[in-house]
Amino acid sequence: MKDIYIFGIESSCDETSCSIVKNGKEEISTVVSSQISIHKHYGGVVPEIASREHVKNITLVIEECLEKAKMKLEDMDAIAITYGPGLIGSLLVGVEAAKTLSYLFQKPLIPVHHISGHIYANNLVEEMKFPLLALVISGGHTELIYMKDHYSFEKIGATLDDAVGECYDKVARIIDVPYPGGPTIDRWAHEGSPSYKLPIPLNDESFNFSFSGLKSAVINLVHNEKQRNQEIRKKDLAASFQNVVIEIITKKTMKALQERKVSNLIVAGGVAANKGIREKLTELCQQENIHCVFPPLNYCTDNAAMIAASGYFAYKKNRIANLELNSKSSDVLN
Ligand code: KG4
Ligand code: ZN
């Protein structure tokens with residue numbers, strides 16, 4: 001069978017990235033240009049700055065990716081692009097670049113949903129086995145998705161308010177940890193003890209999540225301690241917060257696996273890098289005989305390899321867009 005090379009582009013938030021992936025599973029080259037050091041000064045991503053940085057970086061990233069692979073755009077079978085969801089200005093830069101390349105080199109244009117990209121990052125680790133449950137935990141999403149086959153997405157639960165990564169970043173900010181705070185909170189959680197009491201949010205029978213109440217509980221706790229002139233034990237607070245997150249996420253994930261009678265779990269998104277969540281899910285899945293896959297850390301946060309991997313399966317299904325493709329800040333995964 002002929003090898004299929006997909007050129008992927010991702011620019012939905014604060015990473016400009018390009019990647020070449022062979023047959024949906026073999027990464028040939030990936031370049032990620034992160035803007036974290038710029039947005040850090042503002043405590044979060046500033047959309048206008050993000051778009052401008054993508055404009056500055058996109059051509060360089062495309063060229064570097066091709067150089068690294070010693071390949072040309074002529075060698076590609078298709079161009080896969082994150083069309084949404086994300087920051088509209090940021091998405092637009094990638095979509096316009098992809099459309100230009102598609103037109104110039106006469107290559108099919110494959111629109112990829114950002115979350116589908118996060119899910120398919122796992123196919124770069126090992127071939128996905130169906131049916132599976134995908135736990136998507138990132139800065140913008142917290143979802144449980146059932147897949148009976150490739151490109152069949154059934155959302156069975158989602159956050160009703162903040163995403164879990166967003167909650168990590170906001171809690172981090174309250175205790176003066178720079179953006180993105182998730183990795184630091186994760187590290188501190190392993191050094192502190194969970195001695196603060198925090199509520200377990202939306203601890204019900206549904207597969208939905210809620211994190212804004214937990215964030216408010218942390219804000220109130222910090223204010224109360226300050227008013228009483230008490231020093232905040234930041235590492236203990238990180239441990240207490242992370243314990244609650246792990247508790248609710250693992251509880252609902254394990255219940256969904258059981259109810260749907262699924263024995264394959266994949267974890268996706270930036271928060272899939274979380275050591276505490278990895279440890280607990282690995283332990284529970286071992287107990288229940290569930291095959292659990294986590295992407296390596298470089299495939300957890302935004303990158304174009306995951307977009308190219310997902311793009312391969314979309315290409316196989318003939319999901320091709322024309323040059324009228326537009327970016328969408330929000331869109332249903334289907
Ligand atoms: O998937 P991603 O790169 O962007 C979105 O699509 O949203 O995820 C970024 C999010 C940030 O909120 C960041 O704080 C969080 O992932 N994150 C973590 C960890 N590493 C990254 N959260 C908790 N623990 C981590 N180790
Ligand atoms: Zn993402």
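Both counts, for ligands and for their atoms, begin at 1 and track the order of listing. The first residue of the sequence shown is numbered 1, and numbering continues consecutively from there. Because the structure is predicted, anything quoted here is derived from the model rather than measured.
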Starting from [atom], find the nearest protein heavy-atom neighbour and note its residue, name and distance.
atom                    : value
atom 6 (O) of ligand 1  : H114 NE2, 3.1 Å
atom 26 (N) of ligand 1 : D186 OD2, 3.1 Å
atom 22 (N) of ligand 1 : G182 CA, 3.5 Å
atom 15 (C) of ligand 1 : V271 CG2, 3.9 Å
atom 17 (N) of ligand 1 : G270 O, 3.6 Å
atom 14 (O) of ligand 1 : D169 OD1, 2.6 Å
atom 3 (O) of ligand 1  : D302 N, 3.1 Å

Residues [X] and [Y] bridged, charged N to O under 4.0 Å:
X    : Y    : answer
E48  : R52  : yes
E324 : K99  : no
K252 : D204 : yes

Taking both backbone and side-chain atoms of [X], is any N or O found less than 3.5 Å from an N or O belonging to ligand 1?
X    : value
N274 : yes
K275 : no
G139 : yes
Y168 : no
E15  : no
G269 : no

Any side-chain to backbone donor/acceptor pair from N303 onto S17? Under 3.5 Å, distance only.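 No, the answer is negative, given that no donor and acceptor are paired below the 3.5 Å cut-off.
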Donor-acceptor pair, distance only, cut-off 3.5 Å: does the side chain of K280 make one with the backbone of E247? no
Ring centres under 6.0 angstrom apart ([X], [Y]):
X    : Y    : answer
Y299 : H118 : no
Y179 : H41  : no
F207 : Y146 : no

Describe, in one word, how the ring planes of F130 and H150 are oriented to each other, choosing from parallel (under 30°), tilted (30 to 60°) and perpendicular (over 60°). perpendicular
Report the relative orientation of the aromatic rings in Y168 and F241; use parallel for angles under 30°, tilted for 30 to 60°, perpendicular for over 60°. perpendicular
As an exercise, identify every atom of ligand 1 less than 4.0 angstrom from a heavy atom of [X].
X    : result
S138 : 1 (O), 5 (C), 6 (O), 7 (O)
G165 : 12 (O)
T301 : 3 (O)

Within-4.5 Å side-chain heavy-atom neighbours: L237 and V218: yes
At the Zn ion (ligand 2): angle between H118 atom NE2 and H114 atom NE2, to 10 degrees: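 So the angle at the metal works out to 100°.
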Determine which of the N, O or S atoms in D302 is closest to the Zn ion (ligand 2) and give its atom name.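 For D302, the N, O or S atom at the smallest distance from the Zn ion (ligand 2) is OD1.
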Out of K316, K107, K2, which one pairs with D77 under the salt bridge (Lys or Arg N to Asp or Glu O under 4.0 Å) rule? K2
Answer with yes or no whether C13 contacts ligand 1, where contact means a heavy atom under 4.0 Å from a ligand atom. no
